[in-house]
Structures are given as C-alpha cells and as structure tokens.
Colleague: 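Can you keep this structure in mind? I'll have questions shortly.
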Amino acid sequence: MKPNLFLRISALALTVATAAGCSIFNEVSGTDSSRASSRPDAAALGAKYSGYGFRALQTIGEQRLYDAIDSAVCKTESKEFISDMLDNKDKAGEVLELYKDDHPDVFWIDETEPYYYGDDGSNMTILLNFKLSGDELDRAKSELDEKVEAALKDAPKQASDYEKELYAHDYIIKNCSYDKESVELHKNDTVRANEQNAYGALVEGKAVCEGYTRAFQLLCNKLGVICWVVQGQAQGFEGQENTNHIWNCVELDGKWYQVDVTWDDCDDSENTATIDTDQHIYFNLTTAELEKDHVIAPNYSEYSAPDIWYNGFVPQCDSTDYCYFTLNALAVDSLDSDKCAEYLAKTAAGGAECCNFLIGENLDFDSAFDEIVQGYAYDWMTKANEINGGSYKLGTDCKLSSGKDRRLVIMILDYE
C-alpha cells in the first residue's frame, strides 16, 4: 500500500498594488526598494545559469526575474527587489517554482504565500516571503549543511554513479518517515512546517513527497549524480483518485531513469520484511513502467491551464540497464531451471533478506506465480540448502510477494 501523496497545497499567493502609493511594500519594514542599475542580457544569464529550470524559461524577462530571485534568496531576510515586467504577471510564480527546482537546498521560502508583487506599468516590485530570517535562518542553513555532510560521510567514494544514487536513495528511506500528519493538514490548505523541503526530510526526518524529492536531488547533486525533479500525479491510495505528486529522474551513463523515493518508502506496513522488498520497486524505471500508475505533467512551454502542474524538463527514460531489478534479480524463462535454485543459494549465502525473480515475457505471469507458490519455491529452497551445505539454511517460513506490474516475484527469506 502507498500513502497519499501531495505535491503543493495551493496556488502561489499574489497581492497586487492597484495604484501608486498603496503598495503593500510601504507597510513592510526592512525592505530595500532600490532598483537594479543594470539588466543582464541573455548571453550573460546563459553563462551564469545552467539548470533545467532556467533553460525552460521562455523570455528574457523571465530569465531576469530568475536572476533577481537568485540574488534575493541569498539575503538573510526578505527584501523587496525590482525586476522586468512580465507579459503575464502570473508567470512570476512559475519562474519561482522553476528556480526552486534548480535549487533543492533553498528551503526558507514560505510554501503557502511565497511572494507578493506590485507594478508601476514597466517594472515589478517583488517581495519573497521567508519562513526564517537573520541568525535563525543562518543556523537553519548550517544545520542542513551539517546534515548533508553527515549523510554523505559514509557514501561510497570510488563508486559508480549508480552506486552513489542507490546510497542517496537508501539513506533517505532509512532516515526519513512519511509525514501523515502533514497530509491531513494539507487537506485544509495548511503547511505544518518543512515537510515540503530538504530540511524537513534530512534535518527533521519527516516529509511528504516534495521533501523526499528535494532531499534526494540535493544528495545526488552533492555526489556528482545528475538528478532532476518531475511532477504530475500518481495513483491514489486505496482506490482514491490521482493525487498531485513529485518525484525524480537521474542520468546514468547518458541515459535517464525515473525514481520515486517516496513510493519506495513503505513504512506504513506492519511487515518489516515486506518493507525491505518494496524499497526499490520504483528505483530507475522506464517512463513506460512509471506511467502505469503515474501521470507526467506537460512541459512548461506547453501547459496552459492554471490548475495543471508543469515541468521544466521531462527526459525520456527508455533504458533498463540500471533498473534495480535488472541488476538485482534473476531473469526467469523456465521455472524448472537449476538456475533458480543456484541463484537462490547464492543470494542466501550472502545473508540477504529477499531474493528477486523477474518472470520472462514467454511465461504467463499469473500461472507462473501460482506454480512457484504450489511447488517450485519449495524445490528451489531444498536445492539451495543442498548447494550451501547446511550454511545459511532456508526455513519453511519464507514468503512470496507478487509484483505483477513489474513481472516480479520476491521471496522473503527466513533462515533456520
């Protein structure tokens, strides 16, 4: 079973000044109303920023706003700033979200009312809302930096990008819990605290899907693994309608893969063995596999309806080279093959908690699973124990789990 997944709970809040002299900014203390003395051109901005969120921007005005946001978030307190007037002022929210997609370490912008703006017909005056400021913000940034450093202390150093990605994925699952309390609050458009950012996932140890996603992206980036965020919807919990959701893609050896860390964290189950087997179901899938229960939102350049989420970049994921079960399961084309028992013996000799079998397309999955349950599993266990000569002996309490959508059979191992 999967928890209810929640992306963002409300549209970005806007407050518009209707006339000169009545802007909300006149009521905000400690703001800086100075105008930028120069406006960078597209070439300068392109040389400065390379994230997929920045690349998705459509106009020089949007790019300059992105640049202004980058300067504003570096301050220790919220200050108003000036940027180009956009053709569509509602795009200010989209630019901010694309900026956040490029910067998973930015956690101090208020999710419920991220910004206000006013305009004089030629420029926009914008104020970001910070959740923290001053020394409190500096301490929180240091806490996140220290937690990231601690998280990566045991990461594999001389390793492939796949191994580093797997470490980041597993670290978050082991150290973060899905925040069900916040999900209930979100139903009333209330954000509890940091559940939607990397600080919540890594420092506080609890988050919803956006927090998982930002934390995974942040750790991958620190490890040198190219990682991006993808948003859309996912199949609802226990038959409910699709819910807003966000997850990741990673690039390994020039090919992209879909990763949903949230859905791999099944800590709502009472069966700890089942938790372990489910931890990599959504690790490095193809787009076709993911779309069995996920819906990917359109690209930023294509979406139009205000209630549809969008993506700065959506890579096509076709490769299975680094799918977790390509590397950690036996491809089964014949149930009576000695390979199944030999693979089980090798897996058991390593003290693993489960053994994975991918049922080949030449076999009917339901029939194959029934046959495994009714006899083949026992035969494989008997032969595996003979191969291992009494060491790591498998007991009769081994269990089988079926994942039809992935053509996966998982044997949860029990040792005598």
Side-chain angles (χ1 to χ4, degrees), residues 154-171 173-174 252-253 257 259 264 266 271-286 289 319-365 367-416:
D154 296 324
K157 303 299 187 293
Q158 303 300 320
S160 66
D161 283 352
Y162 170 84
E163 293 169 313
K164 293 175 182 177
E165 176 209 2
L166 182 61
Y167 175 87
H169 172 279
D170 291 357
Y171 178 88
I173 288 177
K174 292 175 183 176
L252 303 171
D253 292 344
Y257 301 85
V259 188
D264 274 343
C266 302
N271 185 337
T272 57
T274 302
I275 294 171
D276 292 332
T277 63
D278 283 353
Q279 281 185 346
H280 303 97
I281 297 291
Y282 290 87
F283 188 81
N284 290 0
L285 300 182
T286 65
E289 288 175 320
S319 175
T320 61
D321 292 350
Y322 287 107
C323 171
Y324 182 84
F325 293 104
T326 298
L327 301 177
N328 296 278
L330 177 69
V332 177
D333 293 320
S334 174
L335 298 181
D336 58 4
S337 170
D338 288 340
K339 290 182 179 180
C340 296
E342 293 168 357
Y343 184 75
L344 179 57
K346 180 180 178 180
T347 303
E353 295 180 348
C354 59
C355 185
N356 309 308
F357 301 92
L358 278 175
I359 305 303
E361 296 289 345
N362 64 309
L363 299 174
D364 177 76
F365 182 86
S367 298
F369 184 71
D370 287 342
E371 291 184 58
I372 293 171
V373 171
Q374 293 169 11
Y376 277 107
Y378 180 80
D379 292 342
W380 297 345
M381 289 167 52
T382 301
K383 292 179 182 177
N385 285 338
E386 292 174 357
I387 293 171
N388 286 337
S391 300
Y392 299 100
K393 187 176 181 179
L394 296 170
T396 56
D397 286 338
C398 290
K399 297 178 177 65
L400 291 169
S401 176
S402 168
K404 184 175 180 179
D405 285 348
R406 306 284 182 261
R407 302 190 64 81
L408 182 66
V409 174
I410 302 173
M411 182 179 289
I412 303 166
L413 304 184
D414 173 69
Y415 297 91
E416 292 186 352

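In what follows, every heavy atom counts, from backbone to side chain, and hydrogens, waters and symmetry copies are set aside.
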Colleague: Rounded to the nearest 0.5 Å, how far apart are OG of Ser160 and CG of Asp253?
Modeller: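 Ser160 OG to Asp253 CG: 8.0 Å, rounded to 0.5 Å.
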Colleague: May I ask you to test the Cys340-Leu330 pair for a side-chain heavy-atom distance under 4.5 Å?
Modeller: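 Side-chain contact under 4.5 Å: yes.
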Colleague: Atom CD of Gln158 and atom CD of Glu163: how far apart are they, to the nearest 0.5 Å?
Modeller: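 Answer for the CD-CD pair, Gln158 versus Glu163, is 11.0 Å.
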Colleague: Under 6.0 Å from the NZ atom of Lys157, do we count more than 12 heavy atoms belonging to anything else shown?
Modeller: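 Buried by this count: over 12 neighbours within 6.0 Å.
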Colleague: Considering only residues two or more places apart or on different chains, which pairs with a residue in residues 400-410 satisfy salt bridge (Lys or Arg N to Asp or Glu O under 4.0 Å)?
Modeller: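 Only Glu361-Arg407, Asp366-Lys404 qualify under salt bridge (Lys or Arg N to Asp or Glu O under 4.0 Å).
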Colleague: Closest heavy-atom contact between Glu165 and Val259?
Modeller: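 Heavy atoms only, the tightest pair is OE2-CG2, 3.4 Å.
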Colleague: Taking all atoms of both residues into account, what is the closest heavy-atom pair of Asp264 and Tyr282, and its distance?
Modeller: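 The pair with the smallest heavy-atom distance is OD1-N, 2.8 Å.
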Colleague: Can you tell me which residue pairs pass the ring pair (Phe, Tyr, Trp, His ring centres under 6.0 Å) test with a partner in residues 380-409, sequence neighbours excluded?
Modeller: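 As it turns out, the ring pair (Phe, Tyr, Trp, His ring centres under 6.0 Å) pairs with a partner in residues 380-409, which skip direct neighbours, are Phe357-Trp380.
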Colleague: Would you say that Lys393 contacts Asn388 through its side chain, given a criterion of any heavy-atom pair below 4.5 Å between the two side chains?
Modeller: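 Heavy-atom side-chain distance check fails, nothing below 4.5 Å.
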Colleague: With the side chain counted from C-beta on, respond yes when Tyr171 and Asp154 share a heavy-atom pair under 4.5 Å apart, and no when they do not.
Modeller: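 No; the side chains remain at least 4.5 Å from each other.
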Colleague: Please list, one pair per line, the donor and acceptor atoms closer than 3.5 Å that link side chains of residues 408-416 to other protein atoms, with sequence neighbours excluded.
Modeller:
residue : atom : partner : partner atom : Å
Tyr415  : OH   : Ala348  : O            : 3.4
Tyr415  : OH   : Ala352  : N            : 3.3
Tyr415  : OH   : Ala352  : O            : 2.7

Colleague: Give me the atom names and distance for the closest heavy-atom approach of Leu166 to Phe283.
Modeller: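 Heavy atoms of Leu166 and Phe283 come nearest at CA-CZ, 3.7 Å.
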Colleague: Restricting to side chain to side chain contact (heavy atoms under 4.5 Å, CB included), what partner residues turn up for Asp333, sequence neighbours left out?
Modeller: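 Side chain to side chain contact (heavy atoms under 4.5 Å, CB included) list for Asp333, sorted by chain: Asn362.
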Colleague: Set out, in order, the CA-CA distance, both residues' side-chain angles and the distance that settles side-chain hydrogen bond (donor to acceptor under 3.5 Å, both in side chains) for Asp161 and Tyr322, then state yes or no.
Modeller: CA-CA 10 Å; Asp161 283 352; Tyr322 287 107; over 6 Å; no
Colleague: How many angstroms lie between atom CE of Met381 and atom CD of Glu386, to the nearest 0.5 angstrom?
Modeller: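 That separation rounds to 12.0 Å.
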Colleague: Can you measure from CZ (Phe365) to CG (Leu358) and round to the nearest 0.5 angstrom?
Modeller: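 Phe365 CZ to Leu358 CG: 9.5 Å, rounded to 0.5 Å.
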Colleague: At what distance, to the nearest 0.5 angstrom, does CG of Leu327 lie from NE2 of His280?
Modeller: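 Here the rounded value is 11.5 Å.
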Colleague: Does the side chain of Ile359 come within less than 4.5 Å of Ile372's, by heavy atoms?
Modeller: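 Yes, at least one pair of side-chain atoms sits under 4.5 Å.
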Colleague: With the side chain counted from C-beta on, respond yes when Asn284 and Tyr324 share a heavy-atom pair under 4.5 Å apart, and no when they do not.
Modeller: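 No, too far: nothing below the 4.5 Å cut-off.
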Colleague: Quick one: list whatever passes ring pair (Phe, Tyr, Trp, His ring centres under 6.0 Å) with Tyr343, sequence neighbours left out.
Modeller: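 Partners of Tyr343 under the ring pair (Phe, Tyr, Trp, His ring centres under 6.0 Å) test: none.
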Colleague: Under the rule for side chain to side chain contact (heavy atoms under 4.5 Å, CB included), what residues qualify as partners of Lys383, not counting sequence neighbours?
Modeller: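 With sequence neighbours excluded, Lys383 shows a side chain to side chain contact (heavy atoms under 4.5 Å, CB included) to Asp338, Ala341, given in chain and number order.
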Colleague: Would you confirm whether Thr320, through its side chain, and Cys323, through its main-chain N or O, come within 3.5 Å as a donor-acceptor pair?
Modeller: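 Answer holds: no.
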Colleague: I need the Leu285 CG to Ser319 OG distance, nearest 0.5 Å.
Modeller: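 Rounded to the nearest 0.5 Å, the CG-OG separation comes out at 11.5 Å.
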